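Reading through the structure tokens given below for one structure.
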Amino acid sequence: MPSRQYAPGGTDPRGSVGRPVPEAANPLPVRGRIKARGVIHRVTVAPVSAPPSFTVVARIDRDGVREDVRIVWMGQRRVPGVEAGVTLRFEGMLSRVDGTPTVYNPRYEIIGRPEEY
């Protein structure tokens, strides 16, 4: 039987006083495939003098924990429809670049646009 952690206040794990400690939310992996949904809250366009790339930061909510994921499209100066406030579903290989979770050239689907006023 696997071991379980219990909150303080009871010594008997089967008793009514001790209750299971909720497991920590699963953080993003250091490396691996990810499928996620997030809202774009930052857009960066590379200058003309740099190699073409289009970078956004999506805020995702995984198990109640908000995390930012950088998404980079190499060879693109713009990605039609991807702008701040858009909800995006994306899938790709995640890696850490300078400590930031990053996905390069993901498959994506725009699933919501900001309201136009």
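This is a predicted model, so every value here is computed, not measured. Counting begins at 1 with the first residue of the sequence.
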* Answer yes or no: are there more than 12 heavy-atom neighbours, outside Arg33 itself, under 6.0 Å from its atom CZ? => yes

* **Rounded distance (nearest 0.5 Å) linking atom CD1 of Ile60 with atom OG1 of Thr87** => 13.0 Å

* Structure fact -> Heavy-atom closest pair (Ala46 atom, Pro51 atom, distance to 0.1 Å) is CB-O, 3.8 Å

* Asked: Does Trp73 share a hydrophobic cluster with Val45, counting links as ILVMFWY side-chain heavy atoms below 4.5 Å and allowing steps through other members?
  -> yes

* Cluster question for you: counting only ILVMFWY and a side-chain heavy-atom cut-off of under 4.5 Å, with indirect links fine, are Val79 and Val86 together? -> yes

* Hey, does Ile71 have a side-chain heavy atom less than 4.5 Å from the side chain of Val57? -> no

* Taking 4.0 angstrom as the limit, do Glu67 and Arg59 come out as a salt bridge? -> no

* Structure fact -> d(Arg78 CZ, Phe54 CZ) to nearest 0.5 Å is 4.5 Å

* To do: Kindly work out whether a path of hydrophobic side-chain contacts (I/L/V/M/F/W/Y, heavy atoms less than 4.5 Å apart) joins Met93 to Val97.
  => no

* Verify the cluster assignment for Leu88 and Val39: are they in a single hydrophobic cluster under the rule of side-chain heavy atoms below 4.5 Å apart? => no

* Any chance CZ of Arg77 has more than 12 other-residue heavy atoms, nucleotides or ligands included, within less than 6.0 Å? -> yes

* **Heavy-atom closest pair, residues Asp61 and Val65** => OD1-N, 3.4 Å

* To do: Please list, chain by chain and in numerical order, all residues satisfying ring pair (Phe, Tyr, Trp, His ring centres under 6.0 Å) with Phe90, sequence neighbours excluded.
  => none

Would you tabulate the side-chain donor-acceptor contacts of residues 98-111 under 3.5 Å, counting partners in other chains and residues two or more places apart, or write 'none'?
from	atom 1	to	atom 2	distance (Å)
Thr100	OG1	Arg70	NH2	3.3
Thr102	OG1	Thr100	O	2.9
Asn105	OD1	Met74	N	2.8
Glu109	OE1	Arg89	NH1	3.1

